[in-house]
Protein chains: 2
Amino acid sequence: MAKKDKSRRTEILEKAAHLFHKRGYAATSIRDIAREMGMESASLYNHIKSKQEILQAFLIPLAKQYTKSIHEINTAPLTSIQKLERIIASQVRITIENTDGVSLIPNEWVHLDGDALSEFIEMRNEYEQVFKAIFKEAINDGFIRPVNIEIASFSILSTLRWLYSWYSKNKNINTLELEKELVTNLIGGLKT
Amino acid sequence: MAKKDKSRRTEILEKAAHLFHKRGYAATSIRDIAREMGMESASLYNHIKSKQEILQAFLIPLAKQYTKSIHEINTAPLTSIQKLERIIASQVRITIENTDGVSLIPNEWVHLDGDALSEFIEMRNEYEQVFKAIFKEAINDGFIRPVNIEIASFSILSTLRWLYSWYSKNKNINTLELEKELVTNLIGGLKT
DNA sequence: GTCTATAAGTCGATAGAC
DNA sequence: GTCTATCGACTTATAGAC
């Protein structure tokens, strides 16, 4: 019973994320999600609390996953340049595993309400701060040329942020090749 | 009279684009735009035809500007690598000149109606096609290493697509430095 | 757990007074 | 060119029958 409802809920969440991905959170109605499920909108509320809850169900766990991942990599016994490579690989994997969910990160977070909004922003800022710190370390260690840290970080994170969009249209690529190619393109050119 | 109305209309368009940038087209109401103008929503319709018209007033001219720019660069007497550098510089300039307008390109185009939607998609596809062709040329000419064209193009265009977001928070940067730094980061590492 | 019905509010856009 | 008033459609969410 609980098991069956859980998978039904998951089905709703997945269909909702897909619609949010295609048209955005604000332009997707509860009725749109219900139609996709083949039920009336009122029936959805037996599985979810609100439309807002769906958005939070994706963005908060994902933000935690990114934060946890970058901290694990940062505290591992790796060189700074190895850390950067691992971070890129990690982001590629999270994007491939949950493309629709990740698609909500760049823009739809603005529609989070209350505590979820501030929680998300805090985790996002922390992630970028750690990333930039590692990047700075890689410059100090002599792995990377002394480029503008703000611009270079933004540039790398932009590609990773947009990966969901590219991957949606190129799903048949080999994950390892994609990881390798991105590491080379994003970091290779910055090496000393 | 026509002159005064034109500047009033421009003011509305600019405020609308700014709101669309912050919250998205769907989540921004005509009443929100009116409030920003200090007038009632009904009064807006003396200056604009519809909410949709505002979106089109930004996206269609911008798409034309990008398309025109890449064609001018492509037909100029330049090497393929010089063309890529010029394209990056051109995108930086368009983004800085019209940050709110450019912010609508990555996601809000999905809310275009009818002919404007197909027009936009066609121009966008054309732009990417020309970009990739120049990129391929640069590989064939021996300027750039034989990387995966799809991934490398996507990576460069992602950074340029997200520039509006970064620039919104870092407006005090020197334009020329930004252009130079991005050319180095995005292309420097791909050179043979 | 799904349905019908509906509450209560917001949406884009128009009519018509001034 | 701005206002008040309003239309009709749509929004999220709930109540209660089955």
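Convention: sequence-line order gives letters A, B, ...; per-chain numbering from 1. The figures here come from the full heavy-atom set of this structure, side chains too, leaving out hydrogens, waters and symmetry mates. Remember, it's a predicted structure, so these values are computed and weren't measured experimentally.
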Atom-pair distance (OH on Y25(B); P on dC11(C)), nearest Å: 13 Å
dG1(C) base to R8(A) side chain: any donor-acceptor pair below 3.5 Å? no
Value in whole Å for how far the C1' atom of dT10(C) lies from CZ of R23(B): 14 Å
What is the distance, rounded to the nearest whole Å, between atom OH of Y45(A) and atom P of dT14(D)? 7 Å
For dT10(C) and S29(B) - does any side-chain N or O of the residue sit under 4.0 Å from the phosphate oxygens OP1/OP2? no
Would you say the side chains of H47(A) and E11(A) form a donor-acceptor pair under 3.5 Å? no
F143(A) six-ring centre to K191(A) NZ/CZ under 6.0 Å and within 45° of normal: no
Options dA13(D), dA15(C), dG12(C), nucleotide nearest the side-chain atoms of K51(A): dA13(D)
To the nearest angstrom, how far is E40(B) atom CD from dG12(C) atom P? 14 Å
Indicate whether any N or O donor in one side chain lies under 3.5 Å from an N or O acceptor in the other, for S90(B) and S69(B). yes
Tell me which nucleotide among dC3(D), dA5(C), dA13(D) gets nearest to the side chain of A42(A). dA5(C)
Calculate the interatomic distance between M39(A) atom CE and dC3(C) atom P; express it in whole Å. 7 Å
Nearest-Å distance, CD1 (I30(A)) to P (dG9(C))? 19 Å
When all nucleic acid strands are considered with a 4.0 Å heavy-atom cut-off, which category describes S43(B): base, sugar-phosphate, or nothing? base
Tell me the interatomic distance from D32(B), atom CG, to dT10(C), atom P, rounded to whole angstroms. 11 Å
Please state how far atom CD1 in I48(A) lies from atom P in dG1(C), giving the value in whole angstrom units. 14 Å
Verify whether one side chain among D32(B) and S29(B) offers a donor that lies under 3.5 Å from an acceptor in the other. yes
